[in-house]
Amino acid sequence: MTRTQPLTTTQPVTMAQALNRALRDAMAADERVLMFGEDVGALGGVFRITDGLAAQFGPQRCFDTPLAEAGIVGFAVGMAMYGFRPVIEMQFDAFAYPAFEQVFSHVAKMGSRTAGRVRLPMVLRVPTGGGIGAVEHHADSGEAYYAHTAGLKVLTPSTPADAYHLLRAAIEDPDPVVVLEPKKLYWARGPLDAPAQPAGLGGAVVRRPGRDVTVVTYGVTVPLALEAADLAQAQDIDLEVVDLRALVPFDDETLVASVRRTGRCVVVHEAQGFAGMGAEIAARLQERCFHSLAAPVLRVTGLDVPYPAPRLEHHHRPDVARILQAIGRLQWDDQPDVHHLGGFPPSTPAPSSAAPMPDTRASVPAPAAPLMAPTPEPAARTDPPVTVGVSAVAR
Amino acid sequence: MERLKEAYRAMVLARRFDAQAMALAKQGRIAAYPSSLGQEACQISVAFALRPTDWLFPTYRDGNALLTRGIDPLDVLVPVRGYQHCGYDPYVHRCAPMATPLATQALHGAGLATAARCRGEDTVALVLLGDGATSEGDFHEALTFAGVFRAPVVFVIQNNQFAISVPRARQSAAPTLAHKGIGYGIAAEQADGNDVLAVLAVLDEAVAQAREGGGPRLVELHTYRMGPHTSTDDPGRYREAALTESWRRRDPIDRLAAYLRRHGGLDDAAQAGLDLDADALAATVRAGVATPPVVAPTEVIDHVYAAPPRSLAEQRAALVAELAASDVAERGTR
Ligand SMILES: Cc1ncc(C[n+]2csc(CCOP(=O)(O)OP(=O)(O)O)c2C)c(N)n1
């Protein structure tokens with residue numbers, strides 16, 4: 001990959017700046033690279049990711065389109081078919097939906113429809129996810145739709161350095177790539193150096209090594225998982241945090257190697273859980289390392305609801321407390337998870353750290369147990385993990 | 001004259017409502033607010049042209065049309081207050097939730113209008129759109145459907161010259177947006193959107209035609225977004241202040257005030273009375289926003305299905321348990 005200037009900066013940059021830099025460098029390196037979409041010209045995009053590109057490269061290479069997402073994607077298909085490498089911006093996650101047909105019927109299928117004769121080297125950038133207090137339709141996590149669609153590659157960075165390298169790799173890739181940019185992390189800072197492991201398409205990275213549980217996540221929830229790991233450490237549970245970075249292609253090796261070591265896994269993502277990435281990951285793990293698993297793979301995800309109004313979004317989004325609680329439910333005492341055996345609905349008020357623990361050992365299935373009860377004190381471990389649950393962290 | 005006095009009153013209230021909401025947004029008390037400053041003649045006329053039995057399909061920018069239609073100002077602001085996505089009962093006000101995904105509501109309006117006609121009603125649906133939204137596929141499909149089914153629907157484009165940063169010229173090479181009706185066999189008209197007399201005349205006629213079985217109508221109102229796209233936007237990046245200044249001279253409220261004063265419909269005393277009413281409205285909005293409603297967290301789950309499937313009911317129970325536990329934990333630490 002050609003670089004116009006030395007990449008390493010001493011000052012930490014925001015993810016937004018890193019993405020801007022990636023576009024700038026890619027456009028400088030290859031004049032076939034174009035950037036277009038809604039408000040990406042004079043305004044520099046509503047998140048300023050394209051700031052200054054129109055001024056630097058001119059209106060032929062970075063330009064505003066009419067307000068029509070299907071139009072933007074379909075237009076890019078035509079340009080990609082004929083020698084250009086368009087990078088297009090969907091203004092917000094939910095506003096990519098009008099382009100659904102173009103993405104799913106054409107972008108993803110062109111290679112196979114033409115027996116490989118036509119390749120579409122194009123990048124669909126989608127600001128994604130919530131946690132920013134946005135009004136409705138501005139906080140969706142649509143990764144499962146894209147990942148489910150064969151023919152697309154799907155990347156999602158969690159650091160400025162990865163944002164830079166993943167976007168450059170996406171632009172250079174011969175296939176169409178969807179880059180899901182976590183809006184909440186746009187302003188998070190980090191160094192723009194070479195990543196610890198090269199961020200290519202398909203390379204997960206171990207963000208934090210640990211021995212007891214693999215927490216696998218991507219995008220906006222990576223910092224949450226790292227925070228949870230710090231808190232769990234205080235209770236002597238050592239979490240390994242794997243950042244997938246690429247949802248397609250999927251890096252089974254890194255993940256399976258991690259879970260073989262730890263024997264336990266929790267998947268964390270902000271999108272709804274039902275039929276989401278977490279389900280795919282759990283399935284792949286039990287297919288590949290069933291005998292290494294000491295507990296079922298658990299998921300900590302958004303609720304199965306349309307994204308809530310901003311003042312209520314924190315009830316929907318995964319948080320550190322929910323991650324820690326899932327960690328606590330990983331059958332440390334070799335007892336089944338009351339969460340799934342506990343009957344429904346719970347007939348007693350929720351216990352807390354102040355209330356006595358329900359004795360699930362004596363009463364499995366325990367119809368009276370709440371669905372997210374704090375985990376019983378483990379029996380089998382020599383270094384007993386202190387009960388982690390919602391009470392462990394102030395919400 | 002009485003109607004124009006009413007229209008003037010509605011515009012004065014609308015402008016104050018908008019200014020108050022903008023101020024609250026800048027203070028961070030409500031989310032990014034899309035002001036309709038300068039578009040008051042369009043907004044209030046829409047409400048004036050409709051009967052209570054008609055339906056309105058608004059966008060995020062049409063809070064003042066809703067206000068004029070009689071929706072509580074605090075309910076109008078509910079989406080930006082952040083507790084719910086829609087603050088009113090659409091059936092009570094015959095007003096769909098404000099649509100954010102551009103032009104999607106145009107098909108809903110065509111469908112509802114057709115349904116009303118099938119039911120033998122003389123209900124008309126009025127769909128509001130921006131100039132940018134006319135580039136979306138749904139706009140074109142809505143015109144196609146409305147034309148084919150001769151739906152009693154009026155599509156009203158508030159051409160405020162910008163779609164966020166993108167000027168009208170980037171949306172279409174057509175000389176006017178009203179021209180877009182031609183390809184769909186839909187009669188279209190334009191009017192000066194800052195002249196409330198013109199807007200009322202055109203909308204009255206379009207609604208009447210639709211009601212009488214004349215089929216759908218398209219109306220383009222030429223106006224200008226005097227403010228930023230929302231309270232978080234910076235128009236300095238993409239448009240000349242001089243352009244905005246030139247539109248200030250065409251202010252719809254100033255124009256109607258001048259007309260009314262010339263014709264004895266407005267004097268200083270009446271203006272002072274209106275200003276007091278506007279102050280009172282602003283005070284109501286401030287006080288209401290300062291008093292947040294109590295919304296149960298389970299609201300995020302409770303309305304997704306008529307009856308929640310078991311899996312969602314389980315998540316609800318988990319949320320309740322979690323809230324109870326954190327409640328106890330919080331009390332414990334105090
Ligand atoms: C399908 C879709 N794409 C993008 C957006 C983001 N967006 C919100 S408002 C807006 C500009 C709309 O311009 P216009 O239709 O002229 O209406 P105005 O905002 O000027 O009233 C854009 C691009 C959206 N809401 N929906």
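So you know, we letter chains A, B, ... as the sequences are listed, proteins then strands, and number each from 1.
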Within a reach of under 6.0 Å around CD of B/Gln27, are more than 12 heavy atoms found that belong to other residues, nucleotides or ligands?
-> yes
Could you walk me through whether B/Leu102 and A/Glu38 pass the side-chain contact (heavy atoms from CB on, under 4.5 Å) check?
-> CA-CA 13 Å; B/Leu102 298 167; A/Glu38 294 161 6; 5.9 Å; no
How long is the gap from CG on B/Leu319 to NE2 on A/His316, to the nearest 0.5 Å?
-> 11.5 Å
Got more than 12 heavy atoms from elsewhere within 6.0 Å of CZ, A/Phe75?
-> no
Bottom line for B/Pro297: the part with an atom under 4.5 Å from chain A's heavy atoms is both
Smallest separation among heavy atoms of B/His85 and A/Glu136, with atom names = ND1-CB, 3.2 Å
Shortest non-hydrogen separation from B/Arg237 to A/Asp51 and the atoms involved | NH1-OD1, 3.0 Å
Taking it one step at a time, do A/Val135 and B/Thr100 satisfy side-chain contact (heavy atoms from CB on, under 4.5 Å)?
-> CA-CA 9 Å; A/Val135 294; B/Thr100 299; 5.5 Å; no
Of the non-hydrogen atoms in B/Ala31 and A/Gly133, which two are nearest, and what is the gap between them?
-> CB-O, 4.4 Å
Please check if atom CD in A/Gln60 has more than 12 non-hydrogen atoms from other residues, nucleotides or ligands closer than 6.0 Å.
-> no
The interface call for B/Gln84 against chain A, heavy-atom contacts under 4.5 Å, is backbone
More than 12 foreign heavy atoms under 6.0 Å from CZ of B/Arg168: is that the case here?
-> yes
Among the options B/Arg239, B/Glu299, B/Glu136, B/Arg316, pick out the one with the most heavy-atom pairs lying under 4.5 Å from chain A.
-> B/Glu136
Test A/Val46 against every option in B/Ile164, B/Thr232, B/Thr230 by the side-chain contact (heavy atoms from CB on, under 4.5 Å) rule and name the one that passes.
-> B/Ile164
With a cut-off of 6.0 Å (strictly less than), are more than 12 heavy atoms of other residues, nucleotides or ligands near OH of B/Tyr184?
-> yes
Heavy-atom distances under 4.5 Å only: say whether A/His137 touches chain B with side chain, backbone, both or neither.
-> side chain
Has A/Phe36 got more than 12 heavy atoms of other residues, nucleotides or ligands less than 6.0 Å from its CZ?
-> yes
OH/A/Tyr145: more than 12 non-hydrogen atoms of other groups inside 6.0 Å | no
For A/Leu43 and B/Asp233, what are the C-alpha separation, side-chain angles and deciding distance, and is it a side-chain contact (heavy atoms from CB on, under 4.5 Å)?
-> CA-CA 9 Å; A/Leu43 188 65; B/Asp233 176 40; 4.0 Å; yes
Heavy-atom contact with chain B under 4.5 Å, split by part of A/Gln91 | side chain
Mind ranking B/Pro79, B/Ala32, B/Gly82 by heavy-atom pairs under 4.5 Å with chain A and telling me who comes out on top?
-> B/Gly82
Basic-acidic side-chain contact under 4.0 Å: A/Asp39, B/Arg170 | no
So, the part of B/Leu312 with a heavy atom under 4.5 Å from chain A: the answer is side chain
Separation of A/Phe95 CZ from B/Thr104 OG1 (nearest 0.5 Å) = 9.0 Å
Tell me, side chain or backbone of A/Glu313 under 4.5 Å from chain B's heavy atoms, or both, or neither?
-> neither
Verify the neighbour count for atom CD of A/Gln56: are there more than 12 heavy atoms of other residues, nucleotides or ligands below 6.0 Å?
-> yes
With only heavy atoms counted, which part of B/Asp131 is less than 4.5 Å from chain A, the side chain, the backbone, both or neither?
-> neither
Examine whether an atom of B/Ala163 lies under 4.5 Å from a heavy atom of chain A, and if so say whether it belongs to the side chain, the backbone or both; otherwise answer neither.
-> both
Ordered numerically, the heavy-atom neighbours of chain B under 4.5 Å found in residues 299-311 of chain A are A/Leu303, A/Asp304, A/Val305, A/Pro306, A/Tyr307, A/Pro308, A/Ala309, A/Pro310, A/Arg311
Taking all heavy atoms of B/Leu323 and all of A/His315, pick out the closest pair and write down the distance.
-> CD2-CE1, 3.7 Å
